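Computed over heavy atoms, backbone and side chain alike; hydrogens, waters and symmetry mates excluded. From a predicted model like this one, the values you see are computed outputs, not experimental measurements.
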Amino acid sequence: MSDAIAFLLILPALVLGIVVLDAAGTLGTARYRTSAFTEAAAVYAADTLAAASGTTVEPSARARWDEVAATVEQSGLAATAGVCNQTDAAFEVSLISQPRLSRSPGATPSVAAVVSCPVELGRLFKTERVMAVGIEPVD
């Protein structure tokens, strides 16, 4: 009889522990996927734009900018599928051009891949928002 009572006392704690670990795993997966994606996307965009014709100061004025930006956005949708709530208004995948500023002529222009990923952790927890940024110079 005492074993049954002990089991009934321990069971809710085990269930709560499983729920918390599941939420932590989902959040960790979202952080890993978004950070890995932004780093790879920024490297891809910088390499592609550096190889494109045009040596303007503004990366978004270079040839293939629209193609690279669309590729990054579509890849971001695939990379975050199943982890991020892509129907949430806070979800965003974008490629941002960072021109060389006139006050720092020695700086190189760069691109930044940005992901804002709302993660739903179930009914017990609020929706978390994971943000990741990858920045690479366009040589």
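Not counting sequence neighbours, the partners of S116 by the side chain to side chain donor-acceptor pair (under 3.5 Å) test are R129. Partners of A79 according to the side chain to side chain contact (heavy atoms under 4.5 Å, CB included) rule, which considers only residues two or more places apart in sequence or in another chain, are F37. Applying the side chain to side chain donor-acceptor pair (under 3.5 Å) rule to T26 yields no partners; only residues at least two apart in sequence or on another chain are considered.
The side chain to side chain donor-acceptor pair (under 3.5 Å) pairs that include a residue from residues 5-18 number zero, where partners must be two or more places apart or lie in different chains. The side chain to side chain donor-acceptor pair (under 3.5 Å) contacts involving residues 78-87 comprise T80-Q86, N85-T87, N85-E120, where partners must be two or more places apart or lie in separate chains. Listed by first then second residue, pairs satisfying salt bridge (charged side-chain N to carboxylate O under 4.0 Å, His left out) with a partner in residues 66-95 read R64-E67, not counting sequence neighbours. Applying the disulfide bond (SG atoms under 2.5 Å apart) rule to pairs touching residues 109-139 yields C84-C117, sequence neighbours excluded.
In this structure a side-chain-to-backbone donor-acceptor pair under 3.5 Å is missing from R31 to M131.
Within the 4.5 Å cutoff, no side-chain heavy atoms of I135 are placed close to those of V111. Contact annotation: the side chain of T38 never approaches that of V133 to less than 4.5 Å [non-hydrogen atoms, C-beta and beyond].
Considering all non-hydrogen atoms of both residues, T34 and A30 come closest at OG1-O, 2.8 Å. Between V93 and G76, the shortest heavy-atom distance links the atoms CG1-CA, 3.9 Å. Shortest non-hydrogen contact noted between I96 and W65 is C-CH2, 4.0 Å.
Cluster partners of I10, using a side-chain heavy-atom cutoff of under 4.5 Å among ILVMFWY residues and allowing indirect links, are L14.
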### Message
Walk me through whether L121 and K126 qualify under side chain to side chain contact (heavy atoms under 4.5 Å, CB included).
### Response
CA-CA 7 Å; L121 300 175; K126 66 179 182 137; over 6 Å; no

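For the atom pair CZ of F91 and CG of L77, the computed distance is 5.0 Å after rounding to the nearest 0.5 Å.
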Could you list the donor-acceptor pairs under 3.5 angstrom formed by side chains in residues 39-52, with sequence neighbours left out?
residue: T48; atom: OG1; partner: Y44; partner atom: O; Å: 2.8

